Amino acid sequence: MAALLFFSIYAARLYITKQNDSSHLYAAFQKSIIDSEHEVKDAVGLLKRFAGKNSFKGDERGTELQKQRDLKKQGICVFIYRNDSLIHWSDNKVILPADFAVHCPGSDFVLKLQNGWYGFHCEKSGPYLYLGSYLIRNEYPFQNEYLKNGFASRFSFSETISIVKEPGRYPVHSSDGHYLFSLSFGLNRTTSPVAPVFLVFLIFLLAVLCLSRFIYLLYAGIGWFANRRLLLVFFFGIDLVLLRVIQFYLCFPSELYSSGLFGPSWYSSSAVLPSLGDFTINAVVIFIIALVFFKNGPYKPGSGEKPVLWRISGYTCVFFLLLLFFQAIGYLINDLVINSPLPLNLQNISGLVPESGYGLLIISALLFSFWLVSSRIFSDILMTAEQKRWVLLSAGLAVILNGLIHVICGWKMSFMVILFFIIYFAAYWYIKTGKRVLYSIPNLLFFLCFYSIFSTFIMNGANYRKENEKLNLL
């Protein structure tokens, strides 16, 4: 299955390469121009019949007026000149030159106006000039939130394609063979639409899951690992990390690494987390390893045959590592919000964008990974420990050790994160010592609410600091 999914990515690569080929784009653009010309010719013919019947008088314009409205929705505008005076126009977005009727080039032509490139078709009848236009590409003197350069909806082409008036390698002609303009292709045309990138990324993640399962089944089929489950987890994790490093070094698949998702525009923090896409893959890899760890328990450090000091030391190390894992997740969530322009404010759901889904996926994968690891360890410790007071002492020592290391290293310590960890451990203590079912619906809802509150607390704090930094810069 993994091989099939990776092959589908290769097929998508061939398709995208063909779609971005200059000759293919040139032929598609030429066809779009011809189709647009035919639509405009029909609109001008409709305009002539309409003008002859109604002379633009009266309130009842009938079905032909409705057809003009439909054409306007398609981006086609119509005009009528009498001699050199404009007497009718269907839209005021197209600003024609004052001497347009006098110097009308011909039947089919293209002009660069103040706000972009437009195609025209005109027909003369006595003193009247009937004109139809369609937008090819917006090109404003400046851009802002509302004015953006780009091709019209009927020309769904990359922004790296530009229009030049001088004849070039890719000339575009009208339906009657007249030269209109030429196309110029930029060097980078590999950026594909959002939907194909999302589809390729989804297929890639599914392939990673299938490959991970294949590697796990290989290890599980080796008899030597039957009584060495933690070693199985260790070697499986090493293999997965090595494959991830190779994949990152080779930038595979190239369709993803040439997209904005794997660029610094959405997120960039370090060499390990250079993009939002890499962060997502890393989070998925951590989740897979955590899932294998959860499946291949139990973890039993509390053997009664070991000395008390040895057991306390073991418990303390385990709790200390879990606390570091919990703090690392808080740091990563904070870093995601701070170093990304993505709106991740859950208090303003309407402000979220599609790319915010990747951020929420990362946060969910990290929190679920911690839950898998911690639930396995907490459950086994509390189930196998003969004297629970040594577990409480070890948890306290782990918190104290964590604080000392932060002070010695000069790291900033969040007391709220430690408080969340203590509440989390206390919840497991309450469930296990009371011999309650851990995976019951009320308990699962409690942990879901706990993680929601924790992640919201981290994100709100990060958003608050982010806004303050923006205000300080202003």
Side-chain angles (χ1 to χ4, degrees), residues 225 227-238 240-241 285-332 365-409 411 413-436 438-439 443 447 450-451 454:
F225 287 110
N227 298 319
R228 301 173 178 87
R229 310 304 290 180
L230 289 181
L231 286 178
L232 185 152
V233 176
F234 175 77
F235 286 111
F236 173 82
I238 292 295
L240 216 58
V241 171
V285 169
I286 293 173
F287 166 73
I288 294 172
I289 297 175
L291 185 62
V292 172
F293 178 86
F294 178 82
K295 184 178 178 61
N296 288 272
Y299 177 79
K300 298 181 179 180
S303 175
E305 299 177 357
K306 296 180 180 179
V308 173
L309 185 59
W310 180 267
R311 279 180 280 164
I312 293 176
S313 300
Y315 293 151
T316 302
C317 290
V318 171
F319 288 139
F320 174 74
L321 291 176
L322 280 177
L323 179 54
L324 282 183
F325 190 11
F326 192 69
Q327 290 172 322
I329 290 175
Y331 170 81
L332 290 173
L366 291 176
L367 292 175
F368 197 25
S369 300
F370 178 78
W371 183 77
L372 290 172
V373 174
S374 61
S375 63
R376 169 58 66 189
I377 293 177
F378 282 160
S379 298
D380 292 335
I381 287 179
L382 294 175
M383 180 176 60
T384 58
E386 296 179 354
Q387 298 185 21
K388 300 295 189 294
R389 65 175 183 273
W390 302 130
V391 177
L392 285 176
L393 177 61
S394 301
L397 291 175
V399 172
I400 295 173
L401 178 62
N402 183 271
L404 289 175
I405 291 179
H406 276 76
V407 172
I408 294 173
C409 298
W411 298 339
M413 183 171 60
S414 174
F415 292 98
M416 287 300 298
V417 173
I418 295 179
L419 179 60
F420 272 108
F421 181 81
I422 294 174
I423 294 173
Y424 183 72
F425 173 74
Y428 267 99
W429 178 276
Y430 172 78
I431 293 171
K432 284 300 181 180
T433 55
K435 296 182 179 180
R436 297 171 178 86
L438 175 61
Y439 303 113
N443 289 336
F447 287 116
F450 172 85
Y451 282 121
F454 172 71

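Note that the structure is a prediction, hence the values are computed from the model and not measured. Residues: numbered from 1 along the sequence shown.
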Could you walk me through whether F236 and N296 pass the side chain to side chain contact (heavy atoms under 4.5 Å, CB included) test, one step at a time? CA-CA 11 Å; F236 173 82; N296 288 272; over 6 Å; no

Per the ring-ring contact (aromatic ring centres under 6.0 Å, His included) rule, which among Y428, Y430, Y315, F294 passes with F378? Y428

Rounded to the nearest 0.5 Å, how far apart are CD1 of I289 and CG of L240? 5.0 Å

Could you tell me which non-hydrogen atom of I329 sits nearest to which non-hydrogen atom of L366, and how far apart they are? CD1-O, 3.3 Å

Give a yes or no answer on whether the side chain of R436 reaches the backbone of I431 with a donor-acceptor pair at less than 3.5 Å. no

Here the gap from I381 atom CD1 to K388 atom NZ, rounded to the nearest 0.5 Å, amounts to 11.5 Å

Do the side chains of F320 and L397 get nearer than 4.5 Å, heavy atoms only? no

pair R311-V308: side-chain heavy atoms closer than 4.5 Å: yes

Kindly determine whether I418 and Q327 satisfy side chain to side chain contact (heavy atoms under 4.5 Å, CB included), including the steps that lead there. CA-CA 8 Å; I418 295 179; Q327 290 172 322; 3.9 Å; yes

Just one of F370, F319, W371, F421 clears the ring-ring contact (aromatic ring centres under 6.0 Å, His included) bar with F325, so which one? F370

Rounded to the nearest 0.5 Å, what separation is found between the CZ atom of R376 and the CG atom of D380? 5.0 Å

Between atom CG of L309 and atom CH2 of W390, what is the distance when rounded to the nearest 0.5 Å? 10.0 Å

Side chain proximity check, N402 to M413, heavy atoms < 4.5 angstrom: yes

Ignoring hydrogens, what is the shortest heavy-atom contact between L323 and A398? Give both atom names and the distance. CD2-O, 4.3 Å

Could you go step by step and tell me if L372 and F293 meet the side chain to side chain contact (heavy atoms under 4.5 Å, CB included) rule? CA-CA 8 Å; L372 290 172; F293 178 86; over 6 Å; no

Considering all heavy atoms, the nearest S369-A290 contact: O-CB, 3.6 Å

Which heavy atom of S375 sits nearest a heavy atom of Y439, and at what distance? OG-OH, 4.1 Å

May I have the step-by-step check of side chain to side chain contact (heavy atoms under 4.5 Å, CB included) for F454 and Y424, ending in yes or no? CA-CA 10 Å; F454 172 71; Y424 183 72; over 6 Å; no

Identify the heavy atoms of F425 and L392 that sit nearest to each other, and give their distance. CE2-CD2, 4.0 Å

Which heavy-atom pair separates I405 from W411 by the least distance, and what is that distance? CG2-CZ3, 3.9 Å

Go through the steps to decide whether Y451 and F368 satisfy the test ring-ring contact (aromatic ring centres under 6.0 Å, His included), and finish with yes or no. CA-CA 9 Å; Y451 282 121; F368 197 25; 8.7 Å; no

C409 SG to L404 CG distance, which is reported to the nearest 0.5 Å: 10.5 Å

Which value, rounded to the nearest 0.5 Å, describes the distance between L291 atom CG and I288 atom CD1? 8.0 Å

